[in-house]
Number of protein chains: 2
Amino acid sequence: MPPEKQYYQAHPTFHVAVDSIIFGFDQGELKLLIHKRQFEPARGEWSLFGGFVQQDESLDEAASRILSEHTGLRDIYMEELHSYGEVDRDPAGRVISVAYFALIPAGEFTEAGKSKSGATWVSMEELPSLIMDHNQMVEKALRRLKRRAATQPIGFELLPGEFTMPQLQALYEAIYQSKLDKRNFRKKILAMEVLIKLDTKDKSSSKKGAYLYRFDQKKYKKLVEGGYNFTI
Amino acid sequence: MPPEKQYYQAHPTFHVAVDSIIFGFDQGELKLLIHKRQFEPARGEWSLFGGFVQQDESLDEAASRILSEHTGLRDIYMEELHSYGEVDRDPAGRVISVAYFALIPAGEFTEAGKSKSGATWVSMEELPSLIMDHNQMVEKALRRLKRRAATQPIGFELLPGEFTMPQLQALYEAIYQSKLDKRNFRKKILAMEVLIKLDTKDKSSSKKGAYLYRFDQKKYKKLVEGGYNFTI
DNA sequence: AATTTTAAGTGTGAATCTAACACTTGCAAA
DNA sequence: TTTGCAAGTGTTAGATTCACACTTAAAATT
């Protein structure tokens with residue numbers, strides 16, 4: 001055996017899990033996708049979606065795989081949030097968990113809820129108690145979402161490809177839990193020049209109809225490369 | 001064997017390491033503490049300080065232990081940065097690494113460099129090439145430091161307990177790689193009302209001497225709890 | 001004793017950004 | 001034709017940011 005293998009082998013190994021905090025936006029509310037845990041310990045209690053990392057996959061791959069196994073969705077915005085490694089965090093054994101946070105666009109919202117694993121969208125306003133340290137993970141994810149939303153145009157990840165100003169504003173209001181002035185909001189968003197206004201209107205929520213917008217990915221990327229700091 | 005143990009046992013386990021990006025500030029320059037790796041693979045190449053997590057310790061504890069083993073320092077500011085889990089990131093085997101970033105106060109700076117493990121402070125301006133994905137970790141840590149420094153009074157972690165305005169300004173200039181106006185800088189810092197001005201002066205860098213300040217921990221904590229957003 | 005040198009310390013005003021505020025428009029339903 | 005409802009639109013006062021230059025204290029030099 002080569003010396004490095006020997007050296008490494010002298011150290012313990014651990015089960016490594018990923019747990020995903022999955023946010024969605026629907027009916028003017030920010031929601032979290034959870035389910036009832038299918039195995040011991042704590043079978044039947046509310047839990048984030050998670051699973052164990054396998055030998056042939058990276059952490060990011062594991063997170064994507066588990067999300068897609070449970071929701072059927074692919075190419076979803078995900079980023080690593082934090083790693084949880086307290087010795088006693090899982091009563092059944094030592095498990096190190098890497099938490100991810102994910103944003104599901106409104107268009108895929110109902111799709112994600114259809115999972116066989118009993119996925120349920122719950123309002124962030126009335127979160128149930130989750131197993132182990134999962135509530136702690138959700139709190140951290142929410143802080144991250146607030147920061148990201150203020151700093152990068154991440155909010156668009158939660159909306160359909162085409163959206164109206166009132167929809168976008170409602171999303172920010174749900175994230176920040178506060179009312180915004182619509183004139184100031186529009187001004188600020190439009191000043192960034194990353195939205196493309198379409199000719200079509202969405203009449204689903206008013207007789208007059210609201211113009212649809214699309215997010216200009218290319219323009220945004222250029223701005224970011226040039227050191228732009230998107231701020232709500 | 002209880003059912004949950006069986007379930008968990010069906011999954012693979014991994015070596016888990018922590019690697020620390022350790023920043024210091026000296027001679028007006030931001031520096032990184034590294035050393036030459038002591039074991040295979042890549043023995044003798046520049047590396048961050050790291051080590052394997054043990055059975056009886058959390059990730060945070062492992063990070064503190066490894067820092068103290070190598071530098072002799074305790075109670076150092078550390079926070080988790082990101083987890084690295086690419087399958088091939090370590091050529092000698094599958095290792096998942098949790099990166100931490102640490103700030104060593106100026107008073108402990110030389111102490112930290114005295115390690116038997118050949119610790120060396122290198123300027124962030126002329127970083128050597130590090131093993132595996134360590135340069136990537138450093139880049140991420142630097143971005144985090146910039147953000148933190150602009151948002152929380154973390155810069156104080158890199159200075160001695162008593163410091164002068166010119167020192168504090170030099171630190172921020174080193175972090176942001178840009179000159180700041182001293183009148184505006186003073187105004188902004190003092191407006192936060194988290195500094196206590198002392199009667200004593202530090203004459204080490206001028207004939208006139210500069211007043212020493214101390215950071216008011218209690219006052220800052222109250223501000224943070226009340227939702228204050230420290231910004232440079 | 002007077003002069004020079006060096007870094008520390010101090011205030012103002014123009015420009016920009018932020019935040020508060022109310023009426024008009026378009027369209028469907030009554 | 002009138003009514004109701006959400007969408008859409010500008011202005012101004014106040015706050016913040018940014019640029020900018022001289023005075024002061026003390027040691028070192030003449």
Side-chain angles (χ1 to χ4, degrees), chain A residues 25 27-29 106 146 149-151 159-160 162-214 223 227-232, chain B residues 27-29 106 146 149-151 159-160 162-174 176-214 223 227-232:
Chain A
F25 178 65
Q27 313 280 345
E29 281 195 329
K146 286 182 185 180
T151 287
L159 292 175
E162 300 184 354
F163 52 87
T164 67
M165 276 290 172
Q167 276 168 23
L168 184 60
Q169 183 174 341
L171 169 59
Y172 276 90
E173 289 177 343
I175 292 175
Y176 294 120
Q177 289 286 292
S178 70
K179 281 278 165 196
L180 300 170
D181 179 276
K182 66 179 169 174
R183 281 164 294 189
N184 294 337
F185 181 79
R186 246 165 223 271
K187 234 178 296 170
K188 214 158 186 177
I189 295 283
L190 291 175
M192 290 166 200
E193 298 190 312
V194 288
L195 291 194
I196 300 163
K197 185 174 184 175
L198 307 179
D199 297 329
T200 46
K201 283 187 162 189
D202 168 60
K203 296 204 175 182
S204 62
S205 72
S206 82
K207 292 153 192 167
K208 183 178 180 181
Y211 282 104
L212 287 164
Y213 291 82
R214 180 188 290 283
L223 283 175
Y228 185 76
N229 189 12
F230 181 105
T231 302
I232 293 296
Chain B
Q27 313 281 346
E29 280 195 329
K146 286 183 185 180
T151 289
L159 292 175
E162 299 183 355
F163 52 87
T164 67
M165 276 291 170
Q167 277 168 24
L168 184 60
Q169 184 175 341
L171 169 61
Y172 276 90
E173 288 178 343
Y176 293 120
Q177 290 285 291
S178 70
K179 281 279 165 196
L180 301 171
D181 178 276
K182 65 179 168 174
R183 281 164 295 189
N184 293 338
F185 181 79
R186 248 165 221 272
K187 233 178 299 171
K188 215 157 185 177
I189 295 284
L190 292 175
M192 290 167 200
E193 298 189 313
V194 288
L195 291 194
I196 300 162
K197 185 175 184 174
L198 307 180
D199 297 329
T200 46
K201 283 187 162 190
D202 168 59
K203 296 205 175 182
S204 63
S205 72
S206 83
K207 295 152 190 167
K208 183 178 178 180
Y211 281 104
L212 287 163
Y213 291 81
R214 179 188 288 286
L223 283 175
Y228 185 75
N229 189 11
F230 180 106
T231 303
I232 294 296

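Chain letters run A, B, ... following the sequence lines, proteins first, then strands; residues in each count from 1. Small disclaimer: the values here were computed from a predicted structure and weren't measured. Worth knowing before you read on, the calculation uses all heavy atoms, side chains too, and leaves out hydrogens, waters and symmetry mates.
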Can you check the [X] [atom1] to [N] [atom2] distance for me, whole Å?
X: A:D202; N: D:dG8; atom1: CG; atom2: P; value: 10 Å
X: A:M165; N: D:dT9; atom1: CE; atom2: C1'; value: 13 Å
X: A:Q167; N: D:dG8; atom1: CD; atom2: C1'; value: 16 Å
X: A:K182; N: D:dA6; atom1: NZ; atom2: P; value: 10 Å
X: B:F185; N: D:dA19; atom1: CZ; atom2: P; value: 16 Å
X: A:K179; N: C:dC21; atom1: NZ; atom2: P; value: 16 Å
X: B:Q169; N: C:dT10; atom1: CD; atom2: P; value: 14 Å
X: B:R186; N: D:dT23; atom1: CZ; atom2: C1'; value: 14 Å

Atom pair [atom1] ([X]) and [atom2] ([Y]), whose distance is rounded to the nearest 0.5 Å:
X: B:T200; Y: B:R214; atom1: OG1; atom2: CZ; result: 8.5 Å
X: B:Y176; Y: B:L171; atom1: OH; atom2: CG; result: 9.5 Å
X: A:L212; Y: A:K203; atom1: CG; atom2: NZ; result: 11.5 Å
X: A:E173; Y: A:I175; atom1: CD; atom2: CD1; result: 11.0 Å

Students often get this wrong, so: under 4.0 angstrom with heavy atoms, is A:S205 touching a base, only sugar-phosphate, or nothing?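 Sugar-phosphate only.
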Short side-chain N/O contact to C:dT6 OP1/OP2 from B:K208, under 4.0 Å: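 Result: no.
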Measuring to OP1 and OP2 of C:dA28, would you say a side-chain N or O of A:K203 lies under 4.0 angstrom away?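 True: A:K203 side-chain N/O within range (under 4.0 Å) of C:dA28 OP1/OP2.
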Heavy-atom check, side chain of A:L195 versus side chain of A:M165, under 4.5 Å: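 A:L195 reaches A:M165 side chain to side chain.
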Mind checking whether B:K201 and B:K208 have side chains closer than 4.5 Å, heavy atoms only?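 Touching, per the 4.5 Å side-chain cut-off.
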For nucleotides 10-16 of chain D, give me every protein contact, N/O to N/O, under 3.5 Å, one pair per line with atom names.
{"unit_1": "D:dT11", "atom_1": "O4", "unit_2": "A:K187", "atom_2": "NZ", "d": "2.9"}

For A:Y211 versus A:D199, what's the shortest heavy-atom pair and its separation?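 Smallest heavy-atom distance, with atoms named: CE2-O, 3.8 Å.
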For A:K201 and for B:L190, locate the closest nucleotide of DNA chain C by heavy-atom distance; then report the residue assigned to the nucleotide nearer the 5' terminus.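 So the residue in question is B:L190.
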Please pick, from C:dA7, C:dC27, C:dT6, the nucleotide with the shortest atom-to-atom distance to any side-chain atom of A:K207.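 Looking only at heavy atoms from C-beta outward on A:K207, the closest nucleotide is C:dC27.
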